[in-house]
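Just below is one structure, and these are the notes that go with it.
All chains are named by letter (A, B, ...) in the order of the sequence lines, taking the proteins before the strands, and each is independently numbered beginning at 1. Source: prediction; values computed, not measured.
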2 protein chains.
Amino acid sequence: MIKKQVKTRNTIQRIKIMKYLKSVKTHPTAEMVYNAVVKEIPSITLATVYRNLHNLANKGKILMFEFNKEYHFDGDTCNHQHCICKKCGKITDVFQEEISKYALSKLRADNFDAKCVTIIFNGFCRKCSGV
Amino acid sequence: MIKKQVKTRNTIQRIKIMKYLKSVKTHPTAEMVYNAVVKEIPSITLATVYRNLHNLANKGKILMFEFNKEYHFDGDTCNHQHCICKKCGKITDVFQEEISKYALSKLRADNFDAKCVTIIFNGFCRKCSGV
DNA sequence: ACTTTAATGATAATGATTATTAATTAGTAA
DNA sequence: TTACTAATTAATAATCATTATCATTAAAGT
């Protein structure tokens, strides 16, 4: 059960991508990340952005979730939750760790070793709830 | 705020799709639903399956969520949770309504009108946790 | 400086989902 | 029963986010 540690390299591409995600409070898609980073590294390609985002997510350095057939990335790996508006798709953060903690502590699933919980509130944002 | 009620029709395609989802405890993709239903209605197409699945999900008659770039459907709309194995992708059900109830009741989000919660436990199933 | 191999850039390929459109058909009313 | 209307279908093409391929480049250790 010894997992061979593939050593990673801190390329400027990866560093810039990471830095961008940390600087932002949104939940950008790969393309949005690309649009931001390409300003600093004109030669970077979308494929490289995807590669690095997956790499970072696998290492647990960023979060990744799917919505509307797109991956969204989050530089904040602290235990938080999301609200997604069913109408406009806007994603906002909720920082209530007790909700995740409760879920994990109450889970009774003998055949499953839960590492973390994804909690998404589905509903309507202020702007869309009156429609 | 009067939403025009588009009247739907109970086509045999829709009925068979619904019946299949109710008969199963898995979380099939559109293609899996197609493979099952095409045995009874050989002329049905994948596009029709997609159309109906979206239709049923929009009406709240089935649940729908994304995983591994695919939509998964669930004929059970009761408040339950899911466990997804990070390794093999297996999805299993958890029926602990109190977890969802707690999350919804504790949520403090002034600008968001939450209708329901999606709770997904990420980890490893028995078979994969020993690897 | 030299070596190793992870990572990149360029590009093609993949594959789930959606759009289009003419033909059907469920549901309703005559 | 028959006719009517619009929802739905089957067939098919198109979309587009993501992934694969591969020759080249460049981190990071020696």
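Checked by distance alone, Arg51(A) brings a side-chain donor or acceptor within 3.5 Å of a matching partner on the base of dG9(C).
Side-chain proximity of Ile41(B) to dA10(D), dT19(D), dA17(D): nearest is dA10(D). Taking only side-chain atoms of Thr45(A), from C-beta outward, the nucleotide of dT8(D), dA16(C), dG9(C) with the closest atom is dG9(C). Closest to the Asn55(A) side chain, of the nucleotides dT18(D), dA16(C), dA7(C), is dA7(C). Minimum atom distance to the side chain of Arg9(A) is reached by dT5(C), of the listed dT5(C), dT17(C), dA16(C). Nearest to the side-chain atoms of Ala47(B) among the listed nucleotides dA28(D), dT12(D), dA16(C) stands dT12(D). In the set dT17(C), dA10(D), dT18(D), dA10(D) carries the atom at the smallest distance from any side-chain atom of Ser43(B). Distances from the side chain of Thr8(A) to the nucleotides dA7(C), dG9(C), dT17(C) place dA7(C) closest.
Not one N or O on the side chain of Thr48(B) forms a donor-acceptor pair closer than 3.5 Å with the backbone of Ile44(B).
Aromatic ring centres of His27(A) and His82(A) lie closer together than 6.0 Å.
Inspection of the Asp113(A) and Ser129(B) side chains reveals no N or O donor paired with an N or O acceptor under 3.5 Å.
With His80(B) as the fixed residue, the ring pair (Phe, Tyr, Trp, His ring centres under 6.0 Å) test singles out one of Phe65(B), Phe95(B), Phe121(B): Phe95(B).
Atom OG of Ser100(A) is separated from atom CD1 of Ile119(A) by 4.0 Å, given to the nearest 0.5 angstrom.
Across the interface with DNA chain C, nearest-nucleotide mapping of Ile44(A) and Thr11(B) shows Ile44(A) to be the residue nearer the 5′ end. Both Asn10(A) and His54(B) sit near DNA chain C, but only Asn10(A) has its closest nucleotide nearer the 5' end.
Of all the heavy atoms in Thr77(A) and Gly60(A), the pair that sits closest is CG2-O, 3.6 Å.
Contacts between residues 12-28 of chain A and DNA chain D, defined by a heavy-atom separation below 4.0 Å, involve no residue at all.
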